[in-house]
Amino acid sequence: MSQGGGYNGGRTRMGTIVTLNVYDLTPANDYLYPIGMGLNHSGVEIMGSEYTFASGGGIFTSMPREAPGAKFRESLNLGTFEGGSAEVRNA
């Protein structure tokens, strides 16, 4: 259950929600996804930021569900994280 009335980066009384955001890298995924295949990109969303990896760019942050050059497909709940923002930055 969220605390307060506004967006709080996914923080709940039980911890911070961790989400895997999945993106399509090609329009062909519309045909490949139903048979369990596709070219995808993903990012982990926690505390209002999305962490992802790009070859040549390393790990970087972005706005959740806004990967450049990719189309958002779905979010998968990975559970909760009990630590704070300093622990996320140091991971």
Side-chain angles (χ1 to χ4, degrees):
M1 182 173 303
S2 294
Q3 300 172 4
Y7 179 72
N8 56 12
R11 189 88 177 132
T12 71
R13 291 183 187 174
M14 301 301 290
T16 301
I17 297 169
V18 180
T19 305
L20 180 70
N21 292 325
V22 180
Y23 301 87
D24 291 335
L25 293 177
T26 176
N29 280 4
D30 290 339
Y31 304 100
L32 296 170
Y33 184 79
I35 59 171
M37 300 176 69
L39 297 171
N40 298 89
H41 171 73
S42 63
V44 176
E45 180 181 344
I46 185 169
M47 296 184 177
S49 293
E50 184 168 309
Y51 296 85
T52 191
F53 176 83
S55 179
I59 298 173
F60 62 93
T61 61
S62 62
M63 294 297 298
R65 301 180 184 169
E66 295 183 11
K71 178 184 166 193
F72 176 75
R73 162 134 335 242
E74 67 180 323
S75 291
L76 304 169
N77 185 338
L78 298 179
T80 59
F81 174 69
E82 304 277 330
S85 60
E87 291 168 293
V88 170
R89 284 191 306 272
N90 292 329

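Note that the structure is a prediction, hence the values are computed from the model and not measured. The chain is numbered in sequence order, starting from 1.
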Would a single hydrophobic cluster contain both L76 and Y33, if residues Ile, Leu, Val, Met, Phe, Trp and Tyr are joined by side-chain heavy-atom contacts under 4.5 Å?
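In one cluster with Y33: L76, no.
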
When you group the ILVMFWY residues by side-chain heavy-atom contacts below 4.5 Å and let the links chain together, are M63 and M47 in the same group?
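In one cluster with M47: M63, no.
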
Once rounded to the nearest 0.5 Å, what's the spacing between atom [atom1] of [X] and atom [atom2] of [Y]?
X: F60; Y: Y51; atom1: CZ; atom2: OH; result: 12.5 Å
X: L32; Y: L39; atom1: CG; atom2: CG; result: 7.0 Å
X: F81; Y: I17; atom1: CZ; atom2: CD1; result: 14.0 Å
X: N29; Y: M37; atom1: CG; atom2: CE; result: 10.0 Å
X: S42; Y: E74; atom1: OG; atom2: CD; result: 11.0 Å

Exam field: side chain [X] to backbone [Y], donor-acceptor pair closer than 3.5 Å:
X: E87; Y: G84; result: yes
X: E50; Y: R65; result: yes
X: N77; Y: G79; result: yes

Mark yes when over 12 heavy atoms from residues, nucleotides or ligands other than I59 sit less than 6.0 Å from its CD1; otherwise mark no.
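Atom CD1 in I59 is not packed in, count stays at 12 or less.
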
So do V18 and E45 actually touch side chain to side chain, heavy atoms under 4.5 Å?
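No, side chains not in contact.
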
Do N40 and L25 come within less than 4.5 Å of each other through their side chains, counting heavy atoms only?
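Counting from C-beta outward, N40 and L25 never come under 4.5 Å.
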
Residue pair D30, K71: steps toward the side chain to side chain contact (heavy atoms under 4.5 Å, CB included) verdict:
CA-CA 11 Å; D30 290 339; K71 178 184 166 193; 4.2 Å; yes

Verdict with supporting geometry, T80 and T16, side chain to side chain contact (heavy atoms under 4.5 Å, CB included):
CA-CA 5 Å; T80 59; T16 301; over 6 Å; no

Could you tell me which non-hydrogen atom of Y31 sits nearest to which non-hydrogen atom of P34, and how far apart they are?
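Minimum heavy-atom contact is O-CD, 3.4 Å.
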
Would you please say whether a donor-acceptor pair under 3.5 Å links the side chains of N21 and S75?
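Checked: N21/S75 side chains pair up, N/O donor to acceptor below 3.5 Å.
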
Using the ring of each side chain (for Trp, its six-membered ring), is F72 parallel, tilted or perpendicular to Y23, with breaks at 30° and 60°?
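Answer is perpendicular, since the angle exceeds 60°.
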
